[in-house]
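Here's the structure we're looking at; comments come further down.
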Amino acid sequence: MTWRDREPVALIGLSALTMELAIAAALIYAPTERVMGPVQRILYFHVPAAAMAFVAFGVTFGASVVYLATSHPVSDAVACAAAEVGELLAALVLLTGMLWARAAWNTWWTWDPRLTTMLVLWLIYAGYLLVRRSVEDEARRARYAAVVGILGFADVPIVVMSIRWWRTIHPAVFDEKGVHMEPRMLVALLVSLVAFALLFVLLLVVRVRLSKLRDEVESLRRSVL
Amino acid sequence: MALSGVDLRLARGQVYVLLGPNGAGKTTLIRILAMLEQPSAGHVRIAGIDARRRPIEVRRLIGAVLHQSLLYGDLTAEENLLLYARLYDLDDARKRVRETLDGIGLGHRATDPVRTLSRGMRQCLSVARAVLHTPHVLLLDEPYSGLDCRSALYVSRTIERAARGGCAVLLTTHELDRGLQVGDRLGILSGGRMLAEMWAREVSPAALRRLYPGALVDA
Amino acid sequence: MSMDVWRKAWALVGKDLALEWRTRESFLVMLLFGAIVGAVLGIAFELRVDGAGDVAPGALWVALAFSGVLGLGRSMAREQEDGCLEGLMLAPVDGSCVYLAKAAANALSMLGVGLVLLPLFSVLFGVNLLRPGLLVVLLLGAAGLSGVGTLLSTMVPHTRAREALLPVLLLPAVVPLVIGAVRATAGVASGQSLSAVAAWLRLMAAFDLVLGAAACLLYACVTEG
């Protein structure tokens with residue numbers, strides 16, 4: 001058994017701890033925003049989740065490239081895990097975005113550039129996961145998924161750009177040139193970002209471990225039958 | 001079907017017949033040799049060239065007949081062959097295609113869509129397609145299945161001619177008699193492993209039948 | 001690329017055009033479907049939208065994308081029918097050459113459909129879409145749809161979901177292209193010059209180039225095995 005085969009206890013602990021910290025920072029430490037009120041606190045989860053969703057899709061892209069170059073099954077498992085976690089985070093972004101939109105603009109959905117971008121990415125990677133479910137043969141599944149993972153990520157900058165141009169009339173939620181925030185808000189945001197990063201790594205590790213275990217069970221079953 | 005430990009050597013001018021029941025891995029082997037599938041381990045070398053390193057060069061040396069005809073049903077016999085002639089960079093494509101079609105007795109139906117041809121004719125055309133570029137290695141997966149006598153005769157003649165021209169031929173079949181008749185060397189594949197290899201002239205049909213695995217022997 | 005790659009690609013394009021010309025089946029289906037989408041959208045919007053002309057560019061591109069999905073599926077089905085695509089893979093031709101030829105042939109039939117839909121949509125939605133500038137938009141749009149779609153359509157027959165997977169993967173991926181196309185079409189249709197919509201054309205061209213190049217490189221990964 002290598003370290004990778006064991007339950008990542010330390011990481012779970014660390015991740016749980018920082019997440020508690022992030023919640024405390026977001027809900028207690030950070031001051032209430034004047035215009036928006038308490039609803040603004042959703043930002044401390046919305047923004048880190050969005051950032052990590054992009055990171056996750058980037059990891060899927062990188063792992064897909066590695067898979068096509070090496071055919072190593074672990075890179076496929078990483079690509080899959082990152083896409084699943086990315087979808088989860090993107091869904092979180094969409095949900096928190098909708099809650100915010102309800103409070104801020106009195107509508108559940110708005111074609112805000114960021115929200116729209118996230119929706120399109122969510123759809124693209126939903127397709128990625130669907131391809132994974134839809135191919136029986138392992139090598140082929142990994143290959144096809146890698147192709148979609150790479151193509152999808154090549155699309156990301158164009159999606160971001162196109163939607164930003166498309167919606168230029170809409171008010172940008174944040175200033176384009178940087179975040180002008182109260183220092184304590186920034187601290188809360190950064191803590192939350194760290195917490196989400198750790199959560200992402202944790203979920204990734206757990207998920208990769210799960211697929212390794214599944215493969216092992218599968219090969220054991222095959223050798224018995 | 002997974003293959004393991006199969007070491008197959010084809011010699012120029014030799015017809016190698018791969019026998020084996022359904023699911024023995026014959027098709028997989030052919031597909032790997034035709035570079036349609038990548039083996040998870042092991043390699044294919046043709047005329048000393050590693051197939052994975054220089055695929056285009058190796059493809060030029062291979063001709064293959066698979067289960068499916070590889071012909072466009074809505075194109076004519078001539079158009080199908082012309083397309084392949086161009087893909088293989090053949091000189092005098094038109095003339096060569098004409099001669100080939102006359103050779104299989106399809107000269108008068110050259111401009112009919114392949115869809116309208118009989119199964120036997122289509123198989124002949126499929127074989128003609130595979131040898132159009134005079135390959136160094138000819139792979140045929142069950143070329144005789146469902147053929148009438150005349151088409152089967154054409155297939156046998158093409159194999160013979162290719163071998164005489166120095167081509168290495170590998171064909172699969174589950175018909176033992178046919179294998180003995182056309183093959184120089186026989187190999188029996190079962191469960192992804194090579195059970196036995198022998199020279200056709202040194203084995204009697206009865207002996208071959210005894211070697212053949214299981215009750216899957218076709219009449 | 002050397003001369004003979006182009007010669008082979010041309011032979012492959014010629015083959016697709018000959019097949020299409022012989023039966024005309026997929027072109028007619030695409031055309032009819034495009035018209036149906038236009039009619040359905042027209043009916044659906046009729047009572048709710050004041051200026052039907054405003055939705056014409058959007059309707060046109062939805063119709064083109066949908067009929068494109070249909071055409072891509074048909075073209076690949078023809079390629080798979082008697083193992084023809086494998087026949088092409090047996091030949092000493094680069095995967096990228098096969099990709100370029102298939103993509104060009106698919107783009108041509110989409111372009112053909114687009115040319116017929118322009119006058120039709122002009123009538124249905126009461127706008128003037130018969131402007132030469134739209135040829136450029138159509139060309140860039142067809143190239144992008146076909147560039148991504150050709151890769152995906154080669155993949156989906158080997159999945160359990162089959163053709164149903166194609167729109168699910170293709171449509172989210174082409175969102176930026178459709179945004180650019182709709183904007184450019186709307187601009188040109190309202191009498192603007194091509195240079196006035198150059199930003200959108202550039203966006204479409206960027207999509208075509210980036211995703212086309214990615215698809216071209218990835219094509220070999222979906223054809224083997």
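Naming convention: chains lettered A, B, ... in sequence-line order (proteins, then strands); numbering from 1 in each chain.
- In terms of non-hydrogen atom pairs under 4.5 Å with chain B, the most contact-rich of C/L19, C/L85, C/L88, C/L90 is C/L90.
- Ion pair B/R9/B/D7 flagged as a salt bridge, since at least one NZ, NE, NH1 or NH2 atom sits closer than 4.0 Å to an Asp/Glu carboxylate oxygen.
- Residues of residues 127-138 of chain B having a heavy atom under 4.5 Å from any heavy atom of chain C, listed by number: B/R129.
- Counting only distance, with no hydrogens or angles, the side chain of B/K26 and the backbone of B/G20 share a donor-acceptor pair below 3.5 Å.
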Please step through salt bridge (Lys or Arg N to Asp or Glu O under 4.0 Å) for the pair B/E79 and C/K15, ending with a clear verdict. CA-CA 8 Å; B/E79 285 168 329; C/K15 174 265 298 176; over 6 Å; no

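- Contact annotation for B/L75: both backbone and side-chain heavy atoms come within less than 4.5 Å of a heavy atom of chain C.
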Between C/H158 and C/M155, is a side chain to side chain contact (heavy atoms under 4.5 Å, CB included) present by the stated rule, with each step listed? CA-CA 6 Å; C/H158 301 289; C/M155 204 165 76; over 6 Å; no

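- In this structure, the portion of B/R115 lying under 4.5 Å from any heavy atom of chain C is its side chain and not its backbone.
- For the set B/Q68, B/H67, B/R122, B/M35, the entry with the most heavy-atom pairs within less than 4.5 Å of chain C is B/Q68.
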Would you check, one step at a time, whether the test side-chain hydrogen bond (donor to acceptor under 3.5 Å, both in side chains) holds for B/D74 with C/T23? CA-CA 8 Å; B/D74 288 315; C/T23 57; 4.9 Å; no

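- Classification of the C/Y99-C/Y219 ring pair by plane angle, with boundaries at 30° and 60°, yields tilted.
- Per-residue counts of heavy-atom pairs under 4.5 Å with chain C were compared for B/I62, B/I32, B/D89, B/L66; the largest is that of B/D89.
- Of the possible polar contacts, one joining the C/S146 side chain to the C/A103 backbone as a donor-acceptor pair under 3.5 Å is found.
- The closest donor-acceptor contact from the side chain of B/T158 to the backbone of B/Y154 lies under 3.5 Å.
- By the 6.0 Å contact criterion, CZ on C/R162 is open, its count of non-hydrogen atoms from other residues, nucleotides or ligands being 12 or less.
- For a residue to count as touching a neighbouring chain, one of its non-hydrogen atoms must lie under 4.5 Å from one of that chain's; by this rule C/E25 does not touch chain B.
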